[in-house]
Amino acid sequence: MFDARLRPLIDPPLNAAGRRLAARGVSPDAVTLTGFGLGLGAALAIALGAPLVAFVLIALNRLADGLDGAVARASRKSDRGGYLDIVLDFFFYGAMPFAFAVLDPDANALAAAALLLSFYMNGASFLGFSVMAEKRGITTDIQGQKSLYYLGGLAEGAETIAVFLAMCLWPQAFPVLAWGFAAICLVSALARVVLVARMLKD
């Protein structure tokens, strides 16, 4: 919901940093993989009971997630880079609820399962439409320059990261936060399905 509004604010400094990294020979894929490593480190930190460490690692993961695209725009965009970017983001998103379930299975496992289900539904509605959009030649740059069609919704990247950071600051509130965000993701997924069904109506 907030991703498109944040783009004009975050893109200029990211693009400037991306140009500097590209000039030093840093590849977009290297930034993507570094960010993924930081994301997995955050999940591990949560599972080990160090949520504040995870908070810092999540922030760094998101910085890398913005920088890889900026480096690509300053050097060379590739299909492989776009693929790695979206797939590893989803891996990271799934690792976070799992880590909280590992941390405290009795308190967190059911809420984590609900959140993962909602992520699955949201991801399917998002990625399914991107395939159809490519097939029909539908494009957009509302969310910035992306490798695939980015269909907005209530639950996007900014909201997901904000919830993850809140979970790190208040790990004891994970069940409440997870159930609440799962509900938002469910509404977002269903809204996308209705919207896409209308868009693709023959």
Quiz item: Could you go step by step and tell me if F174 and W179 meet the side chain to side chain contact (heavy atoms under 4.5 Å, CB included) rule?
Solution: CA-CA 8 Å; F174 172 82; W179 279 111; over 6 Å; no
Quiz item: Can you find a heavy atom in the side chain of R62 that is under 4.5 Å from one in the side chain of F92?
Solution: yes
Exercise. Please report the C-alpha distance between I58 and C168 in whole Å, then the side-chain angles of each, then the deciding distance to 0.1 Å, and finally whether the side chain to side chain contact (heavy atoms under 4.5 Å, CB included) criterion is met.
Key: CA-CA 9 Å; I58 290 170; C168 290; 3.6 Å; yes
Exercise. Please tell me if the side chains of D65 and V31 come closer than 4.5 Å, counting only heavy atoms from C-beta onward.
Key: no
Self-check item: Test log, rule side chain to side chain contact (heavy atoms under 4.5 Å, CB included), inputs F119 and T160
Solution: CA-CA 10 Å; F119 282 176; T160 304; 4.2 Å; yes
Quiz prompt | Contact summary for L40 and A95, nearest pair of heavy atoms | solution = CD2-CB, 4.4 Å
Quiz item: Any sub-3.5 Å donor-acceptor pair from N61's side-chain atoms to G35's backbone N or O?
Solution: yes
Self-check item: Salt-bridge criterion met for D85 and R80 (N-O under 4.0 Å)
Solution: no
Self-check item: Minimum side-chain heavy-atom gap V56-L60 below 4.5 Å
Solution: yes
Quiz item: Going by heavy atoms in the side chains, are S118 and F181 under 4.5 Å from each other?
Solution: no
Practice problem: Give the minimum heavy-atom separation between T34 and A30, together with the two atoms involved. | Solution: OG1-O, 2.8 Å
Quiz prompt | Side-chain heavy-atom pair S78, P28 within 4.5 angstrom cut-off | solution = no
Practice problem: Give, for atom CE of M96 and atom CE of M167, the distance between the pair rounded to the nearest 0.5 Å. | Solution: 8.0 Å
Practice problem: Locate the shortest heavy-atom distance separating S125 from V193; write the atom from each residue and the value. | Solution: CB-CG2, 4.2 Å
Quiz item: More than 12 heavy atoms of other residues, nucleotides or ligands under 6.0 Å from CZ of F98: is that the case?
Solution: no
Practice problem: Please say which of I161, L88, L115, N122 ends up in a side chain to side chain contact (heavy atoms under 4.5 Å, CB included) with Y93. | Solution: I161
Quiz item: With a 4.5 Å heavy-atom cut-off, do D68 and L33 have their side chains touching?
Solution: no
